[in-house]
Every structure is written in C-alpha cells, then in structure tokens.
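Being a predicted model, the structure only gives us computed values, none of them experimental. Numbering starts at 1 and runs along the sequence shown. As the structure lists them, so they are numbered: ligands from 1, and atoms in each ligand from 1.
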Amino acid sequence: MDSKTYAADFLDYVAKKDPAQKVFHQAVKEVVSSLTPVLQQHLLYIKERILERIVEPERTIIFRVPWQDDKGEIHVNRGFRVQYNSALGPYKGGMRFHNTVNQDVLKFLGFEQVFKNSLTTLPLGGGKGGSDFDTRGKSDSEVMRFCHSFINELYHHIGYHTDIPAGDLGCGAREIGYMFGQYKKLTNDFTGAFTGKKPNWGGSLLRPEATGYGVAYFAQNMLKNKGDSLEGKTCIISGTGNVGIYAMEKLTLLGAKVVGFMDYDGSVYDPDGIDAEKLAFLKDLVFVRRGSLKEYGEKFKHSHFRSGKKTWDIPCDLAFPTACENELLEEDAKTLALNGCKGVCEGSNMPCTPQAIDLIKEAKMLYSPGKASNAGGVAVSGLEMTQNSMRVYWTREEVDQYLQRIMTSIHTNCLEAAAQYGMPGDYMAGANIFGFKKVADAMIDQGLV
Ligand code: GLU
C-alpha cells in the first residue's frame with residue numbers, strides 16, 4: 001500500500017469521525033505528516049492499524065462538577081479526563097482549568113502529550129484533563145470547593161499506578177494542593193498520585209521552573225549543533241506564566257538578552273534586556289500581585305509597554321511562543337523572517353499555526369515543536385514520581401542535571417530520527433517519528449487491547 005495515500009485517507013477518516021474537533025485534527029495532521037516514510041518502511045504499523053488505534057483515547061471520563069460560590073450560588077462545570085495511551089506507563093499529563101476547555105482541546109493536548117512523554121525517555125503514558133471552570137476572579141475558597149468537587153468524581157479513575165495528573169493553564173500548586181487533599185481524604189492513601197505538589201509535602205524542587213528551563217536548554221542544544229551559542233542572542237517571548245518567566249530566567253543566565261515579552265493586555269519592549277532585578281520585579285508582578293505588564297514599562301528606563309500589541313514584531317534572533325495553541329500566525333512568522341529571526345522554539349503546546357510552521361521552515365529558521373522543547377515540565381514530573389516512590393528528595397542541582405540530560409537526549413533523538421528517515425535537521429519530523437515509534441512498538445508488543 002502507498003503510505004502517502006494511506007496517510008491522506010487516514011486524515012479523512014479522522015476528520016469524518018469527529019467533524020467538530022478542529023484543533024485535534026490539526027494536531028493529528030501535524031504528526032501524521034511526518035510519518036509517511038516510517039509507514040513506508042514499516043508496513044506492520046499499517047497492518048496493525050496503529051494510527052487508527054493511537055488516535056482513539058483508551059478512555060474519556062466526562063463528569064458533572066457542582067460547586068457553591070462565596071455567596072451560596074450554585075454553579076455546574078464540566079470535568080474531563082482523557083486517558084489517552086498507557087503503552088509506555090500510567091497516563092500522565094496536566095489539568096487545564098479555563099473557559100476554553102472542551103473535549104476537542106483536551107483531545108489535542110492529550111494526543112500531543114502521548115508523544116511528548118514518549119520523547120522524555122521516561123516510563124510515562126499520556127493523558128490530559130481539566131474543566132471549563134476559570135480560576136481567574138475566583139476566591140481561594142471557591143477554587144477549593146471546585147477542586148474538591150472535581151476530585152469527588154475523578155478519584156475513582158486516577159492513582160499512582162493508573163493516572164497521575166499535574167498542572168497546566170489555570171492549574172498550579174494551589175489547585176494541585178486542594179485536589180491532592182481531597183484525593184487523600186477519600187482514598188486514605190498518601191501517594192504521589194499528583195505531580196506539581198509543593199516541595200514541603202512531596203513536590204520536586206525545580207518543577208515550577210522545569211518547562212521554561214527545559215525550553216532554554218533545548219534552544220542551547222539547537223544552537224550548539226550549528227556551532228553557535230545563546231551568548232548575546234536577542235530573544236522575545238510571548239506568555240508570562242511559569243513557562244515564559246522561567247524561560248526568560250534561564251536564557252538570561254545562559255547569556256542571551258530577552259528584549260520582549262507579553263501578556264493578555266499587550267507587550268513590553270525592553271531594548272536593554274531583562275536582568276536579575278527586573279526578573280524579580282516581574283515575578284512579583286505576575287505571580288504575587290497578578291498585575292499588568294504596564295507597570296514594568298513604567299518602572300524601567302528605556303522599556304515601554306505597547307498596549308494591545310503582540311511581541312512578534314520586536315526584532316530578535318530567537319522567538320519563544322510560551323502562551324497557548326495557535327498564538328503565532330502566518331503574518332507573525334512573516335514578520336519574524338523579515339526581521340532576520342534565526343529560530344522559533346516552542347514553549348507552549350502547538351503555538352504555531354500550520355501556515356506559520358511552513359513559513360518558518362521555508363525561511364530556513366530553526367524550528368522546534370513544543371512536544372520536544374517543552375517536555376522538560378513533564379520530565380521533572382516524572383522525576384517527582386521517582387522521588388516519591390523512593391521516598392527521597394533530590395537537591396535542585398541533582399534535578400537540574402537530570403533535566404539537562406533529558407533535554408539533550410530529546411534533542412539528539414529528534415535529530416537522529418529525522419536523519420534516519422531522510423529529513424535531516426527537521427526537529428518536527430524527528431520528534432514525531434521518535435515519539436510515535438516507541439509508543440507504536442509497545443502497542444504491538446502488548447497486543448490488541
Ligand atoms: N501540562 C504540562 C505539559 O503540557 C505538564 C504535564 C505534567 O507535568 O504531567 O506537559
């Protein structure tokens with residue numbers, strides 16, 4: 001069978017099966033587009049119907065989450081957990097609490113997670129969950145009541161050897177704490193059934209920093225492979241959540257100069273670049289006071305806040321989208337190319353649209369897909385699970401060494417897989433191929449389940 005025709009027919013089949021799930025289709029297409037030479041060489045994957053099996057979550061749990069606000073009003077949200085693939089280990093992936101959450105979004109995120117987790121080289125299956133509950137504007141006690149209600153149902157379906165949720169957009173250490181508390185109360189069992197816990201009761205040091213640091217390490221590896229380094233490179237970043245802020249921190253420590261970043265309201269241009277003092281201000285502004293970046297623009301000389309404007313028109317050597325899916329559009333990629341940008345390294349999941357990716361590749365910029373360059377977060381979640389099993393705590397330095405080693409392996413594995421299948425230097429193809437083959441082979445070993 002011709003693998004190109006098979007892949008095209010397969011995408012048609014996916015689109016027809018769930019016609020409304022557009023972001024999910026986008027994620028599947030991105031992976032399958034890299035797999036034609038793999039399918040051609042390994043017809044067993046076609047015979048075993050691996051693609052048809054791998055796009056179908058093993059199980060999806062959808063449930064009612066009723067909760068009361070501080071005034072006593074009753075609200076009902078929808079809870080989800082997509083247990084996507086357990087060929088390599090228990091389901092593992094974050095929880096997103098945001099009003100944009102639906103089954104389409106969680107299937108896309110869960111699907112990506114399967115390949116990302118495979119790339120970490122750790123024994124982790126893939127899953128994702130969440131709710132259309134928005135934590136923004138809610139009091140701590142409202143968030144607690146919601147999380148407890150959420151777990152009242154979900155505790156039946158998760159567990160240390162089954163499914164280990166963590167954080168994502170709208171779900172940080174506070175939410176993990178409330179969910180873990182209720183899980184422990186209902187099961188009477190103190191186990192590492194969640195990651196992203198606070199370090200004083202089972203969390204791993206460096207987990208909050210891990211995704212952002214990992215992105216910076218991945219960029220460092222990409223440049224090193226070209227005989228270059230981060231030293232003096234100007235960088236722009238989009239999101240100012242955990243991923244964005246810690247990417248800025250590590251990039252700066254590695255000698256780069258972060259000159260632009262943004263949030264929901266607009267972006268900051270700081271030609272002098274961020275430094276330790278400015279970062280401390282930014283962390284307090286974003287994490288503690290939850291204020292607007294406008295304050296940064298007003299406080300630091302030469303920098304200014306650009307209301308309603310994205311960050312992508314600020315001239316740079318490297319761009320790091322770290323906010324959410326489809327945030328970097330074709331016109332943004334064009335602007336980056338015109339400004340001489342040399343690479344785009346994804347910190348969020350699927351932030352570049354397919355058209356933007358095509359343009360980035362045509363312009364011969366370096367490009368790393370999120371499933372490779374943002375895998376540091378889930379990798380340190382895997383290390384948190386290991387520490388919990390061993391009942392030990394590793395130091396920051398120990399965790400950081402593992403993280404660096406893992407990011408370097410991911411980088412090497414992507415390059416080797418891409419070269420092996422005739423697409424040298426294509427990180428997207430390499431990530432998809434390496435991630436896919438490991439899961440596919442395990443599925444074949446385990447038979448039709
Ligand atoms: N939500 C994160 C991701 O997209 C982390 C998942 C985890 O730590 O399990 O990879």
Tell me, which protein residue and heavy-atom name are nearest atom 6 (C) of ligand 1, and how many Å apart are they? G94 N, 3.6 Å
Give me the nearest non-hydrogen protein atom to atom 9 (O) of ligand 1 as residue plus atom name, then the distance to 0.1 Å. K92 NZ, 2.7 Å
For K334, check salt bridge (charged side-chain N to carboxylate O under 4.0 Å, His left out) against everything at least two apart and list the hits.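 K334: no salt bridge (charged side-chain N to carboxylate O under 4.0 Å, His left out) contacts found.
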State which residues pass salt bridge (charged side-chain N to carboxylate O under 4.0 Å, His left out) with R96; sequence neighbours excluded, sorted by chain then number.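 Once residues adjacent in sequence are excluded, the partners of R96 under the salt bridge (charged side-chain N to carboxylate O under 4.0 Å, His left out) criterion are D168, E325.
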Quick one: which ligand 1 atoms are inside 4.0 Å of a heavy atom on [X]?
X    : result
A166 : 7 (C), 8 (O), 9 (O)
K116 : 3 (C), 4 (O), 10 (O)
K128 : 1 (N), 3 (C), 4 (O)
S381 : 7 (C), 8 (O), 9 (O)
Q113 : 3 (C), 4 (O), 6 (C), 10 (O)

Please confirm whether D168 comes within less than 3.5 Å of ligand 1 when only nitrogen or oxygen atoms on both sides are compared.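 The answer is yes, given that D168 and ligand 1 share an N or O pair closer than 3.5 Å.
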Could you tell me whether some N/O pair between G167 and ligand 1 is separated by less than 3.5 angstrom?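 N/O-N/O distance below 3.5 Å exists for this pair.
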Tell me the contacting part of N349 for ligand 1: side chain, backbone, both, or neither, using a 4.0 Å heavy-atom threshold, strictly below.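 The side chain, only.
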Measure from NZ or CZ of K184 to the centre of the six-membered ring of F190 and say whether it is under 6.0 Å with the direction within 45° of the ring axis.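 Not flagged: K184 not positioned over aromatic ring of F190.
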Between E384, R207, K371, M385, flag the one that comes closest to atom 5 (C) of ligand 1 by a heavy atom. R207
D132-N99 side chain donor-acceptor pair, cut-off 3.5 Å: no
Please determine if D134 and R136 form a salt bridge, counting it only when a charged side-chain N lies under 4.0 Å from a carboxylate O.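 A salt bridge is present here (some side-chain N lies under 4.0 Å from a carboxylate O).
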G196 near ligand 1 by a heavy-atom separation under 4.0 Å: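 Distance cut 4.0 Å: G196 fails for ligand 1.
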Take a 6.0 Å sphere around NZ of K283 and say whether it holds more than 12 heavy atoms from other residues, nucleotides or ligands.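 Buried by this count: over 12 neighbours within 6.0 Å.
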So, do L328 and T353 sit near enough that their side-chain heavy atoms are less than 4.5 Å apart? no
Which of K92, K197, K198 passes salt bridge (charged side-chain N to carboxylate O under 4.0 Å, His left out) with E384? Answer is K197
